[in-house]
Amino acid sequence: MRASVRCALRCCGVALLWAAAASAHAQNIPATNVPDAITRKTGLHLEPMSHASRLYAENCQGCHGPEGVSVTEIPTLAGRIGYFARTPEGRSYLVQVPNVALNPNSDQDIAELMNWLLNTYSRAQLPPDFQPYSTAEVAVLRTARIDVATQRRRIVEQLLLLRQIPSADVLANAHASLY
Amino acid sequence: MKPICTNRFDRLIETLSRTAAQRVSRRSFLSNCGTWLVAASALPLLPVARQAQASDDPHRSKAAGKYASDFANHAQTSDPTKCNYWRYCSSDGYLCACCGGGPSTCPAGTSPSPTSWVGSCINPDDGKTYLIAYRDCCGQDSCGRCACLGQEGDMPSYRPQVNNDIVWCFGASSMVYHCSSAGLVGLVE
């Protein structure tokens with residue numbers, strides 16, 4: 001009789017412990033450091049991105065950086081792509097670079113992206129009479145497949161000859177394999 | 001006509017079938033049978049409750065869920081250590097939030113890769129689409145905790161800019177992959 005009472009008490013104790021552990025597990029620890037919890041609490045309001053900046057973010061920003069400057073392995077866009085727009089060949093080259101020409105977006109989107117890109121990151125280098133890219137122009141330019149490194153070298157030499165760039169250094173890349 | 005059968009039960013059946021044979025036309029039986037056959041086979045062709053299958057608009061279809069993205073239909077916004085946290089819709093790898101970092105921060109001892117790829121996820125809190133930068137943390141051995149595989153917008157490796165199978169440590173001091181983070185880039189719509 002005594003043994004059975006002890007056994008029952010022990011069982012009760014185990015059950016209590018188990019219940020306590022279960023309730024501790026079920027307790028929701030408030031996730032105060034979760035960004036969304038903070039956002040909800042502070043009522044942070046984000047403005048939607050423009051279509052062009054969205055195109056840049058989705059297609060270019062990952063490597064070229066949100067400011068158009070990235071690591072030495074990736075060519076810098078900011079403060080220099082505008083130079084290319086100073087000759088017709090250079091203007092074509094900007095659209096014929098493989099990652100622009102072969103981009104899955106439409107000609108209209110590419111035209112919008114290029115105009116936004118040049119005006120946002122390299123307005124000071126654009127020629128004074130710069131004409132924005134049109135959809136039709138991009139459509140034609142994108143069909144060409146160029147030898148990128150050779151074409152780039154030729155354009156830089158030409159820009160230098162026409163005194164459109166102060167020196168070849170402004171368009172130089174850290175690695176010879178880059179274009 | 002007097003029934004032939006002697007057994008009571010047999011007689012009953014015989015009477016019933018003889019009566020039926022005398023009163024019911026076999027032609028009408030055949031035509032009725034044909035009508036039912038045609039009706040039964042034609043029933044599924046009727047435009048009844050087929051909206052769910054026919055609808056290509058995900059917002060109208062209940063079976064497809066609220067959003068076009070299957071991930072977003074099961075996503076949550078409170079626990080970044082779970083695979084179904086809304087920002088991980090394209091994340092492939094170990095969650096930095098489980099490895100000593102946060103959903104968009106690297107654990108101590110690793111450094112964020114200067115390059116990343118950008119995808120988009122739907123936040124179920126407001127139903128809006130946000131751009132997310134998938135940035136790997138590099139410099140330590142694989143974390144090994146919370147392996148997740150989100151595949152929204154993931155493209156084959158011949159489009160490496162938007163592929164999550166490759167190690168995104170380009171430009172980092174070390175190409176050794178530790179974990180994947182998902183930082184917010186901006187609101188799309």
Side-chain angles (χ1 to χ4, degrees), chain A residues 27-77 97-105 109-110 113 116 120 173-175 177-178, chain B residues 75-82 85-87 90 97 101-105 111-121 123-126 128-136 138 153 155-156 158-164 166 168-173 175 181-189:
Chain A
Q27 259 177 6
N28 247 340
I29 299 143
T32 46
N33 59 344
V34 174
D36 301 275
I38 299 164
T39 316
R40 276 193 293 267
K41 213 165 86 181
T42 56
L44 178 74
H45 177 72
L46 286 174
E47 284 300 322
M49 307 168 87
S50 73
H51 184 60
S53 63
R54 180 198 176 169
L55 287 170
Y56 178 76
E58 281 188 311
N59 297 283
C60 326
Q61 178 174 316
C63 292
H64 285 288
E67 306 287 329
V69 185
S70 187
V71 282
T72 53
E73 285 87 345
I74 311 289
T76 302
L77 304 177
V97 165
N99 278 353
V100 177
L102 303 175
N103 189 282
N105 282 290
D109 279 350
I110 296 291
L113 169 66
W116 180 86
T120 308
N173 284 320
H175 300 272
S177 61
L178 293 179
Chain B
Q76 45 87 14
T77 59
S78 53
D79 189 356
T81 62
K82 296 279 186 305
Y85 183 61
W86 70 281
R87 286 192 203 175
S90 315
S104 54
T105 50
S111 52
S113 167
T115 55
S116 64
W117 75 281
V118 179
S120 58
C121 298
N123 183 343
D125 272 359
D126 55 10
K128 288 176 178 166
T129 304
Y130 291 82
L131 293 190
I132 308 289
Y134 293 100
R135 197 177 295 279
D136 286 348
C138 315
M155 294 292 262
Y158 55 77
R159 281 210 183 278
Q161 298 97 321
V162 278
N163 176 261
N164 64 14
I166 53 178
W168 273 93
C169 285
F170 305 117
S173 51
M175 274 298 283
S181 75
L184 203 62
V185 172
L187 169 66
V188 174
E189 55 194 19

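So that the names make sense, note that chain A is the first sequence line, chain B the second, and so on, each numbered from 1.
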Is it the case that atom CD in A/E67 sees more than 12 heavy atoms from other parts of the structure closer than 6.0 Å?
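It does not: A/E67 CD has 12 such atoms or fewer within range.
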
Between B/S104 and B/S181, which heavy-atom pair has the shortest distance, and what is it?
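Heavy-atom minimum between the residues: CA-CB, 4.1 Å.
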
Do you know the tightest heavy-atom contact between A/C60 and A/L113?
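Nearest pair, atom of A/C60 first, then A/L113: SG-CD2, 4.1 Å.
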
Pairs in or reaching into residues 44-56 of chain A: which pass salt bridge (Lys or Arg N to Asp or Glu O under 4.0 Å), with residues at least two apart or in two chains?
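Applying salt bridge (Lys or Arg N to Asp or Glu O under 4.0 Å) to every pair that reaches into residues 44-56 of chain A, excluding sequence neighbours, yields A/R54-A/E58.
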
Under 4.5 Å from a heavy atom of chain A, the part of [X] involved:
| X | value |
| --- | --- |
| B/R159 | side chain |
| B/Y85 | side chain |
| B/S120 | side chain |
| B/N123 | side chain |

Run the ring pair (Phe, Tyr, Trp, His ring centres under 6.0 Å) test against A/Y56 and tell me which residues pass, sequence neighbours left out.
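A/W116, A/Y121.
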
Under 4.5 Å from a heavy atom of chain B, the part of A/L102 involved:
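Just the backbone, heavy atoms under 4.5 Å.
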
